[in-house]
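Since we're looking at a predicted model, the values are computed, not measured.
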Amino acid sequence: MSDFTIEIIGYIAMLLVGISFLMKNVRTLRMINLIGCLIFIYWGFLINKPPVYILNSFIVLVNFYYLFLRKKK
């Protein structure tokens, strides 16, 4: 994979995470953020940076919990 392609993947992840914080609906925010973080995990592995994929793995777990596992009140 070329360096340019890897860089584009990082920018896509960054864009999705940034856009997620513009959402008024928390569920939508978490869903877009989840997708962005999954892309960041992939990008972190591509560039071999554990802090990137470790942090984003944690955020994915938090988003997944609130989206799918937490009981609604």
Side-chain angles (χ1 to χ4, degrees):
M1 189 175 300
S2 73
D3 289 344
F4 179 73
T5 303
I6 293 170
E7 190 170 343
I8 293 300
I9 292 169
Y11 281 115
I12 291 169
M14 177 191 71
L15 185 64
L16 287 171
V17 169
I19 287 172
S20 74
F21 289 104
L22 299 174
M23 302 296 113
K24 289 183 179 180
N25 183 300
V26 175
R27 187 164 181 80
T28 305
L29 182 154
R30 288 192 182 279
M31 188 60 72
I32 295 172
N33 191 273
L34 176 74
I35 295 166
C37 288
L38 287 170
I39 297 171
F40 259 134
I41 292 168
Y42 178 61
W43 182 70
F45 276 108
L46 288 175
I47 65 169
N48 195 27
K49 298 294 182 192
V52 173
Y53 59 78
I54 291 170
L55 173 63
N56 283 282
S57 296
F58 172 73
I59 296 170
V60 163
L61 292 174
V62 170
N63 282 327
F64 189 84
Y65 170 78
Y66 280 105
L67 283 168
F68 304 112
L69 301 177
R70 185 171 180 229
K71 294 181 181 180
K72 296 180 182 180
K73 295 180 182 181

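- The distance from the CE atom of Met1 to the CG atom of Asp3 is 11.0 Å, given to the nearest 0.5 Å.
- When all heavy atoms are compared, the tightest approach of Ile39 to Ala13 is CG2-CB, 3.6 Å.
- Taking every heavy atom of both residues into account, Ile9 and Leu46 meet most closely at CD1-CD1, 3.8 Å.
- Put simply, CD1 on Ile54 and CD1 on Ile59 are 12.5 Å apart, with the number rounded to the nearest 0.5 Å.
- A chain of hydrophobic side-chain contacts below 4.5 Å, direct or via other Ile, Leu, Val, Met, Phe, Trp or Tyr residues, connects Ile19 to Val17.
- Distance check, rounded to the nearest 0.5 Å: CG of Leu55 to SG of Cys37 gives 7.5 Å.
- A donor-acceptor contact shorter than 3.5 Å is absent between the side chain of Asn33 and the backbone of Leu29.
- In this structure, Leu38 CG and Phe64 CZ are separated by 10.5 Å, a value rounded to the nearest 0.5 Å.
- Cluster membership check: Met14 shares its hydrophobic cluster with Val52, using side-chain heavy-atom separations under 4.5 Å among Ile, Leu, Val, Met, Phe, Trp and Tyr.
- Distance check: Glu7 CD to Trp43 CH2 gives 8.5 Å after rounding to the nearest 0.5 Å.
- The backbone N or O of Leu67 lies less than 3.5 Å from a partner atom in the side chain of Arg27, making a donor-acceptor pair.
- Under a cut-off of 6.0 angstrom, the local environment of CG in Asn25 is crowded, with over 12 non-hydrogen atoms contributed by other residues, nucleotides or ligands.
- With values rounded to the nearest 0.5 angstrom, Ile8 atom CD1 is found 11.0 Å from Leu15 atom CG.
- When each of Tyr42, Phe40, Phe45 is checked for a side-chain contact (heavy atoms from CB on, under 4.5 Å) with Tyr53, only Phe45 meets the rule.
- Few gaps surround CZ on Phe68; more than 12 heavy atoms of other groups in view lie less than 6.0 Å from it.
- A single hydrophobic cluster is seen to contain both Ile35 and Tyr11, as judged by linkage of ILVMFWY side chains at heavy-atom distances under 4.5 Å, directly or through other members.
- A single hydrophobic cluster is not seen to contain both Val26 and Leu69; linkage of ILVMFWY side chains at heavy-atom distances under 4.5 Å, directly or through other members, places them apart.
- At least one side-chain heavy atom of Val62 sits under 4.5 Å from a side-chain heavy atom of Phe58.
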